[in-house]
Amino acid sequence: MRLTILLSSIMMAGLFLMLLAGVGFIQDKRFFASAPKEALDVIQPREERFPGAHAIGWLIGIISLVMMGGALAYGGWDGIRNGFTFWQFYGRFLTMLLLLKVFDILFFDWFLLCRSNFFQHFYPEVTPYYGPHLFGYNKKTHITHVILFVPASALMSAVCLLF
């Protein structure tokens, strides 16, 4: 269980790095698909914050994907090495994904979006649209993700049993 929590924490750090890469360095509107529509409408295209910012952002984004994928892969490899059953794999993967979703809701949505000025720091034009009233604006997306975690965890578990 400790390893599962550690791997979940690595995935959370990776998710935060991905957000930081997209919002702070790459600054391309295409990465803000999950942002509130009102904010998307007012975001203006940006030049690089400094020379090489986009390259740094892409590097951070790649590192974040490697962290998240690596955490899942290591969780699978450890389970194979320790002779996990389907249900042990399933419990590990589902726990990791659900903890990541809780982090997304509490840290990204509740704290960064509704309580801090994280997004407003990079995009001052969204200030009137961000605040505590936004919490829960993307409930359907979160519910869809949680539902999809069930078959995704089962699929990853089945794949691990092949080895």
Side-chain angles (χ1 to χ4, degrees), residues 1-24 26-43 57 60-76 78-79 84-123 125-162:
M1 185 53 123
R2 278 186 263 169
L3 180 61
T4 302
I5 304 262
L6 175 65
L7 294 173
S8 298
S9 299
I10 291 169
M11 289 180 66
M12 291 173 198
L15 189 61
F16 176 72
L17 285 176
M18 188 179 298
L19 175 76
L20 182 62
V23 172
I26 300 171
Q27 295 187 305
D28 189 327
K29 217 171 167 176
R30 291 177 292 179
F31 292 104
F32 307 153
S34 64
K37 178 156 178 18
E38 301 81 22
L40 272 177
D41 292 341
V42 297
I43 292 176
I60 292 171
I62 290 167
I63 290 169
S64 73
L65 289 173
V66 169
M67 287 172 67
M68 294 171 70
L72 287 168
Y74 187 83
D78 177 70
F84 274 24
T85 65
F86 174 85
W87 293 109
Q88 287 172 308
F89 278 119
Y90 184 77
R92 172 173 280 176
F93 291 132
L94 188 59
T95 299
M96 289 171 68
L97 292 173
L98 289 176
L99 286 174
L100 186 64
K101 182 50 67 179
V102 168
F103 174 75
D104 178 13
I105 293 168
L106 294 179
F107 185 67
F108 283 12
D109 293 354
W110 185 80
F111 180 70
L112 289 182
L113 185 67
C114 297
R115 302 284 187 262
S116 76
N117 287 320
F118 178 80
F119 295 99
Q120 294 90 321
H121 173 76
F122 296 104
Y123 299 94
E125 63 268 25
V126 301
T127 300
Y129 304 100
Y130 280 32
H133 66 282
L134 275 182
F135 188 67
Y137 81 96
N138 55 353
K139 282 181 207 166
K140 287 181 183 178
T141 303
H142 289 310
I143 292 168
T144 302
H145 288 168
V146 170
I147 291 168
L148 290 174
F149 289 166
V150 173
S153 297
L155 180 63
M156 288 186 289
S157 301
V159 168
C160 287
L161 288 177
L162 297 175

Nearest 0.5 Å please: distance from the [atom1] atom of [X] over to the [atom2] atom of [Y].
{"X": "Leu112", "Y": "Gln120", "atom1": "CG", "atom2": "CD", "answer": "10.0 Å"}
{"X": "Cys114", "Y": "Phe108", "atom1": "SG", "atom2": "CZ", "answer": "13.5 Å"}
{"X": "Leu113", "Y": "Asn138", "atom1": "CG", "atom2": "CG", "answer": "8.0 Å"}
{"X": "Ile60", "Y": "Leu20", "atom1": "CD1", "atom2": "CG", "answer": "5.5 Å"}

Ile105 and Phe135: side-chain contact (heavy atoms from CB on, under 4.5 Å), yes or no, with the steps? CA-CA 9 Å; Ile105 293 168; Phe135 188 67; 4.0 Å; yes

Can Leu19 and Phe118 be said to form a side-chain contact (heavy atoms from CB on, under 4.5 Å), step by step? CA-CA 11 Å; Leu19 175 76; Phe118 178 80; 3.8 Å; yes

Partners passing side chain to side chain contact (heavy atoms under 4.5 Å, CB included) against Val102 (at least two apart in sequence or in another chain):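 Leu106.
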
Can you list, pair by pair, the side-chain donor-acceptor contacts under 3.5 Å of residues 7-18, counting residues two or more places apart and other chains?
from, atom 1, to, atom 2, distance (Å)
Ser8, OG, Thr4, O, 2.8
Ser9, OG, Ile5, O, 3.0

Listed pairs under 3.5 Å, donor-acceptor, residues 64-76 side chains, sequence neighbours left out:
from, atom 1, to, atom 2, distance (Å)
Ser64, OG, Gly61, O, 2.6

Show the nearest heavy-atom pair for residues Phe119 and Val23, with the distance to one decimal.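 Distance-wise, the nearest heavy atoms are CE2-CG2, 3.8 Å.
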
Closest approach of Ile43 to Glu125 (non-hydrogen atoms, all atoms of both residues):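 Scanning both residues completely, I find the closest heavy atoms to be CA-OE2, 3.4 Å.
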
Determine, step by step, whether Tyr130 and Asn117 satisfy the side-chain contact (heavy atoms from CB on, under 4.5 Å) criterion, reporting the C-alpha distance in whole Å, the side-chain angles of both residues, the deciding distance to 0.1 Å, and the verdict. CA-CA 9 Å; Tyr130 280 32; Asn117 287 320; over 6 Å; no

Once salt bridge (charged side-chain N to carboxylate O under 4.0 Å, His left out) is applied, what residue pairs with a partner in residues 1-23 remain, sequence neighbours excluded?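 Qualifying pairs: none.
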
Any idea how Phe107 and Phe103 line up, ring-wise: parallel (<30°), tilted (30 to 60°), or perpendicular (>60°)?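 Answer is parallel, since the angle falls under 30°.
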
Who are the salt bridge (Lys or Arg N to Asp or Glu O under 4.0 Å) partners of Lys101, not counting sequence neighbours?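 Lys101 satisfies salt bridge (Lys or Arg N to Asp or Glu O under 4.0 Å) with Asp104 once adjacent residues are dropped.
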
Show me, pair by pair, the donor-acceptor contacts under 3.5 angstrom made by side chains of residues 150-157, not counting sequence neighbours?
from, atom 1, to, atom 2, distance (Å)
Ser153, OG, Leu94, N, 3.3
Ser153, OG, Phe149, O, 2.8
Ser157, OG, Tyr90, N, 3.0
Ser157, OG, Ser153, O, 2.7

